[in-house]
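Taking it in order: structure first as structure tokens, then the write-up.
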Amino acid sequence: MGEKVEVFGAWFSPFSRRVELALKLKDIEYDYIEEEVYKKKSDLLLKFNPVYKKVPVFVHAGKPIAESIVILQYIEETWKDNPILPQHPYHKALALFWANFLNDKLLGAIMKARRRQGKEKEEAIAEACEALKVLEDELKGKRFFGGEKLGFVDIVANFVAYWIPAIEEGFGLGGALSSEMEKLPNLQRWCNEFVEHTIVKDTLPPKQDLLAFCISQFGNNVASK
Ligand SMILES: N[C@@H](CCC(=O)N[C@@H](CS)C(=O)NCC(=O)O)C(=O)O
């Protein structure tokens with residue numbers, strides 16, 4: 001597959017990092033273009049992702065694809081070596097189910113908590129903590145969500161392993177998710193193993209920079225951004 005592979009991303013974005021991680025796991029070379037998504041989006045980004053206007057955008061042989069989970073599926077289908085999804089249709093469906101759970105239930109509750117205040121905020125935080133407990137059960141007896149090897153669900157769950165403290169700080173969530181995670185041993189062990197993985201390490205932004213970015217970008221303006 002000799003065609004050009006490009007990722008339009010942002011250094012702090014767990015969604016962009018998902019795409020980069022999949023490419024690295026599959027040993028696919030790519031050009032990376034950093035976008036200033038919260039300052040000025042490039043004309044190319046707007047052209048390639050006119051619907052959401054977000055990163056990541058994956059461009060293969062000039063053809064753009066947006067939305068990290070869709071991009072991961074495309075990468076998996078295009079480059080068959082080092083698979084990140086199970087071959088069996090049922091197991092593949094389960095992996096996609098968990099990927100959607102992470103985005104819809106967990107991230108959905110986190111985003112809701114960011115925008116709400118008072119009781120509604122507390123409820124959304126509790127919903128996010130419930131979702132973490134579900135992940136704890138799912139990891140029972142397993143090294144990774146994907147089994148012995150890191151796979152699709154692990155890639156999508158990158159924000160759980162690394163981004164949560166910075167997100168909590170930036171979104172004014174008060175540390176409840178981090179405290180919940182301390183009570184979940186399977187999830188703790190998974191987080192440690194995930195961030196220590198040699199290829200994953202390469203895709204994690206410096207913790208202090210991430211924290212400072214989240215505070216300056218999202219802090220003090222919780223309801224409106
Ligand atoms: N559902 C998208 C989420 C992407 C996303 O939220 N990207 C953020 C950066 S972390 C972005 O580009 N934001 C720009 C904006 O909201 O205008 C995915 O999975 O790719």
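Both counts, for ligands and for their atoms, begin at 1 and track the order of listing. Nothing here was measured: the structure is a model prediction, and the numbers come from that model.
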Inset, instruction - If you link ILVMFWY side chains whenever their heavy atoms are less than 4.5 Å apart, which other residues fall into the same cluster as Val51? By chain and number, please. - result: Tyr52

Legend entry - Heavy atom of Ile69, distance to ligand 1 below 4.0 Å: no

Legend entry - Min heavy-atom dist Pro56 to ligand 1 below 4.0 Å: yes

Inset, instruction - Could you tell me whether Glu122 and Lys119 have a side-chain N and a carboxylate O separated by less than 4.0 Å? - result: no

Legend entry - Protein residue, atom and distance nearest to atom 19 (O) of ligand 1, heavy-atom basis: Ser68 OG, 2.7 Å

Inset, instruction - For the pair Phe213 and Phe12, name the ring-plane relationship: parallel under 30°, tilted 30 to 60°, perpendicular over 60°. - result: parallel

Inset, instruction - Tell me which protein heavy atom sits closest to atom 12 (O) of ligand 1, plus the residue, atom name and distance to 0.1 Å. - result: Val55 N, 2.9 Å

Legend entry - Pairing residues for Tyr38 by the side-chain hydrogen bond (donor to acceptor under 3.5 Å, both in side chains) criterion, not counting sequence neighbours: none

Inset, instruction - Examine Glu67 against ligand 1 and note whether any of their N/O atoms are separated by less than 3.5 Å. - result: yes

Inset, instruction - Report yes or no: does a heavy atom of Tyr38 sit under 4.0 Å from some atom of ligand 1? - result: yes

Inset, instruction - Could you tell me whether a side-chain N or O of Glu168 sits under 3.5 Å from a main-chain N or O of Leu177, the two making a donor and an acceptor? - result: yes

Legend entry - Backbone or side-chain N or O of Phe12 under 3.5 Å from ligand 1 N or O: no

Inset, instruction - Please say which of Asp43, Ile65, Val57 ends up in a side chain to side chain contact (heavy atoms under 4.5 Å, CB included) with Phe48. - result: Val57

Inset, instruction - State the atoms of ligand 1, each with its element, that fall below the 4.0 Å cut-off from a heavy-atom position in Lys41. - result: 14 (C), 15 (C), 17 (O)

Inset, instruction - Can you pull out the closest protein heavy atom to atom 16 (O) of ligand 1? Residue, atom name and distance to 0.1 Å, please. - result: Lys54 CE, 3.5 Å

Inset, instruction - Would you mind reporting whether Phe194 and Val160 have side-chain heavy atoms less than 4.5 Å apart? - result: no

Legend entry - atom 10 (S) of ligand 1 - nearest protein heavy atom and its distance: Ser13 OG, 3.2 Å

